[in-house]
Participant: 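Take this structure, written in structure tokens, and hold onto it; I'll ask about it next.
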Amino acid sequence: MQSGLLLLGLAYVLSQFFRAFLAVLTTPLRDALGIEPAVLATASGYWFLAFAAMQIPVGRALDTIGPRRTAGWLLLVGGGGGAALFALAQGPLYIHAAMALIGVGCSPVLMASFYIFAREYPPARFATLAALMIGIGTVGNLISSYPLAFAVEAIGWRAALWGLAAVSATVALGVLITVRDPARAEAAGDGSLLDLLRMPVLWLIIPIMFVNYAPVAAVRGLWIGPYLRDVFDLQTSQIGVATLVMSLAMIVGTLAYGPLDRLLGTRKWVVFGGNTLTIVLLAGLITQTDRSATLSIAMMAAIGFFGASFPVIIAHARSFFPAHLTGRGVTLMNLFGIGGVGVMQFFSGQLHTAYAGGAPAAPYTAIFVFFAVALAFGVAIYALSRDSTD
């Protein structure tokens with residue numbers, strides 16, 4: 001199982017890479033194809049929505065056919081095929097289709113790991129193991145920052161995408177060879193998402209799941225690039241360094257969150273505190289949008305750190321799932337988490353278009369306000385939820 005988890009970790013590195021690499025490609029794609037940030041926001045939204053839409057069939061597949069085939073085949077066809085389509089892109093339609101296909105390919109890899117953790121390890125270790133896997137995967141954010149910027153400048157963005165297609169296919173084949181499926185739970189084929197949605201306890205967790213990841217994923221995955229370019233006139237290599245800093249903060253934050261629920265004896269208040277601090281930092285970006293590139297990068301890095309509570313929210317919800325619905329449960333929560341990013345990314349693209357043409361900082365101030373308000377609503381509802389410390 002260890003070699004299988006290692007390959008799933010590499011697959012998740014690719015997943016994190018693909019959700020974040022558009023920030024570095026902002027200038028090359030504009031120069032080569034005339035594609036503007038609002039188009040890339042839509043493409044990013046397609047990635048997240050395709051990823052989210054797949055969570056329902058992925059959840060059932062994990063409970064019935066297991067993580068090996070679910071993750072391996074989807075990554076091979078979607079990840080490898082989508083990257084190849086991106087390399088052939090001639091305009092926005094290609095980019096949108098490629099990002100949606102890559103989203104399908106990446107959709108099962110983290111949940112396959114979570115399924116194995118939930119079925120093979122003690123419940124008290126779930127949050128730590130989940131955070132460790134996400135921390136490993138966040139290396140993809142590092143690769144999609146300065147290293148990708150360097151590769152694009154050295155060999156061009158199309159050659160870089162062909163290389164990614166080959167890597168994705170190789171990792172997918174490794175998953176198919178090395179992952180071993182856990183024993184199925186009794187009644188694994190019984191029950192449905194409706195059984196989970198009938199649980200009132202989950203409806204106070206779902207709103208924070210929907211908004212928690214969006215500020216981090218949207219800023220790191222796209223807006224950090226055009227924001228630093230338009231407001232502070234940073235170049236591709238400088239943006240690569242900035243994304244690297246934010247990526248490092250996300251890794252450290254994820255690993256820091258992992259053991260906190262056991263150390264502090266609470267999941268709810270760990271999540272509540274971290275997201276409240278994220279709102280404070282978004283408020284800082286709103287009031288200081290064009291003051292200093294260094295200050296803005298520091299605040300975005302801090303958002304990456306404190307906004308990394310995703311695995312603890314999953315662990316909080318997982319403690320209420322019936323064993324035979326584990327796969328469907330974790331993928332249901334992931335549907336809301338990733339789907340929230342997709343929906344909010346579409347709106348952020350519309351905000352950018354609406355406020356473009358005025359002060360360079362205006363579109364980004366509007367986007368930061370949007371994320372802060374949405375997160376505040378999620379935190380307010382989550383405060384009413386029931387804690388869990390299994």
Side-chain angles (χ1 to χ4, degrees), residues 16-26 37-38 40-45 47-48 138 140-142 144-146 148 210-232 234 238-254 274-275 277-310 337-338 340-352 355 360-376 378:
Q16 287 281 357
F17 176 94
F18 282 123
R19 72 186 65 180
F21 77 130
L22 289 179
V24 171
L25 294 181
T26 301
L40 294 182
T42 301
S44 176
W47 188 99
F48 284 103
T138 309
N141 279 319
L142 298 181
S144 69
S145 57
Y146 186 76
L148 176 62
F210 189 79
V211 298
N212 158 260
Y213 188 43
V216 177
V219 171
R220 172 57 191 88
L222 175 61
W223 292 119
I224 188 174
Y227 167 53
L228 295 176
R229 182 196 67 197
D230 295 346
V231 177
F232 300 109
L234 269 59
Q238 295 171 303
I239 291 170
V241 172
T243 56
L244 178 64
V245 171
M246 187 173 181
S247 299
L248 287 169
M250 291 167 64
I251 293 175
V252 176
T254 300
N275 283 276
L277 288 170
T278 303
I279 294 169
V280 172
L281 288 160
L282 285 167
L285 277 176
I286 292 164
T287 58
Q288 307 293 326
T289 311
D290 57 358
R291 179 177 176 181
S292 160
T294 300
L295 177 62
S296 290
I297 292 169
M299 287 191 287
M300 287 187 288
I303 288 170
F305 180 91
F306 289 109
S309 59
F310 188 93
I338 300 300
V341 180
V343 171
M344 294 174 72
Q345 193 71 303
F346 277 122
F347 280 110
S348 71
Q350 295 299 313
L351 284 170
H352 186 276
Y355 284 88
Y364 306 103
T365 301
I367 289 169
F368 299 145
V369 168
F370 172 60
F371 289 141
V373 171
L375 189 55

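The model shown is predicted, which means the values in this text are computed figures rather than measured ones. We number each residue from 1, following the sequence as shown.
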Participant: Find the distance between OG (Ser247) and CZ (Phe17) and round it off to the nearest 0.5 Å.
Facilitator: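 One gets 11.0 Å once the value is rounded to the nearest 0.5 Å.
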Participant: Is there a side-chain contact between Trp47 and Val341, using heavy atoms and a 4.5 Å cut-off?
Facilitator: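 No. Closest side-chain heavy atoms not under 4.5 Å.
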Participant: Measure across Ala293 and Leu234 and return the closest heavy-atom pair with its distance rounded to 0.1 Å.
Facilitator: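 Shortest heavy-atom separation between Ala293 and Leu234 comes out as CB-CD1, 4.3 Å.
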Participant: Do you know the tightest heavy-atom contact between Ala41 and Gly349?
Facilitator: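 It is CB-CA, 3.8 Å.
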Participant: Does the side chain of Arg229 pick up a donor-acceptor pair with the side chain of Thr26 at under 3.5 Å?
Facilitator: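 No donor-acceptor contact under 3.5 Å links the two side chains.
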Participant: Rounded to the nearest 0.5 Å, how far does CD1 of Ile297 lie from CE of Met299?
Facilitator: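 Answer rounded to 0.5 Å: 10.5 Å.
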Participant: Does Met344 reach the side chain of Val211, with side-chain heavy atoms less than 4.5 Å apart?
Facilitator: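 SC-SC contact between Met344 and Val211 confirmed.
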Participant: Of all the heavy-atom pairs spanning Asn212 and Ser309, show the shortest one and how long it is.
Facilitator: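 Heavy-atom minimum between the residues: ND2-OG, 2.9 Å.
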Participant: I'd like to know whether Phe368 forms a side chain to side chain contact (heavy atoms under 4.5 Å, CB included) with Val219, so could you lay out the CA-CA distance, the side-chain angles of the two residues, the decisive distance to 0.1 Å, and finally the verdict.
Facilitator: CA-CA 9 Å; Phe368 299 145; Val219 171; 4.2 Å; yes
Participant: Below 4.5 Å, heavy atoms only, C-beta onward: do Trp223 and His352 meet side chain to side chain?
Facilitator: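 Sidechains of His352 and Trp223: in contact.
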Participant: Could you check whether atom CZ of Phe346 has more than 12 heavy atoms from other residues, nucleotides or ligands sitting under 6.0 Å from it?
Facilitator: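 Yes, CZ of Phe346 has more than 12 neighbouring heavy atoms, counting only those of other groups under 6.0 Å.
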Participant: Which residue, Leu285, Leu282, Ile286, forms the side chain to side chain contact (heavy atoms under 4.5 Å, CB included) with Phe371?
Facilitator: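 Among the candidates, only Leu282 passes.
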Participant: I need the minimum non-hydrogen distance between Thr243 and Gly240, along with the two atoms involved.
Facilitator: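 So the minimum-distance heavy-atom pair works out to OG1-O, 2.8 Å.
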Participant: State, with a plain yes or no, whether a side-chain heavy atom of Ile338 is found less than 4.5 Å away from one of Arg19.
Facilitator: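 Contact flag for Ile338/Arg19 side chains = yes.
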Participant: Return the minimal non-hydrogen interatomic distance between Leu228 and Ala242, and the atom names on each side.
Facilitator: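 Reported closest heavy-atom pair: CD1-CB, 3.5 Å.
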Participant: Would you check if the side chain of Tyr227 reaches a backbone N or O of Thr289 as a donor-acceptor pair within less than 3.5 Å?
Facilitator: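 Yes.
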Participant: So do the side chains of Ser296 and Gln288 get within less than 4.5 Å of each other, counting heavy atoms only?
Facilitator: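 Of all side-chain heavy-atom pairs linking Gln288 with Ser296, none is under 4.5 Å.
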Participant: Quick one: do Ile367 and Phe347 satisfy side chain to side chain contact (heavy atoms under 4.5 Å, CB included)? Show the steps, please.
Facilitator: CA-CA 9 Å; Ile367 289 169; Phe347 280 110; over 6 Å; no
Participant: May I ask you to decide if Gln345's main-chain N or O and Ser348's side chain share a donor-acceptor pair within less than 3.5 Å?
Facilitator: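 Yes: the side chain of Ser348 pairs with the backbone of Gln345.
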Participant: Hey, are Asp290 and Tyr364 close enough side-chain-wise for a donor-acceptor pair under 3.5 Å?
Facilitator: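 No donor-acceptor contact under 3.5 Å links the two side chains.
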Participant: For the residue pair Met300 and Ile224, what are the closest heavy atoms and their distance?
Facilitator: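 Residues Met300 and Ile224, closest heavy atoms: CE-CG1, 3.7 Å.
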Participant: So how far is it from Leu148 CG to Leu22 CG, rounded to the nearest 0.5 Å?
Facilitator: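 Rounded to the nearest 0.5 Å, the CG-CG separation comes to 10.0 Å.
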Participant: Working to the nearest 0.5 angstrom, can you tell me the gap between Tyr213 OH and Arg220 CZ?
Facilitator: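 Atom-to-atom, Tyr213:OH and Arg220:CZ are 9.5 Å apart.
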Participant: Rounded to the nearest 0.5 Å, what separation is found between the CD1 atom of Ile303 and the CD1 atom of Ile279?
Facilitator: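 One gets 11.0 Å once the value is rounded to the nearest 0.5 Å.
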Participant: Quick one: does Thr254's side chain have a donor or acceptor within less than 3.5 Å of a partner on Met250's backbone?
Facilitator: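 At least one qualifying donor-acceptor pair exists.
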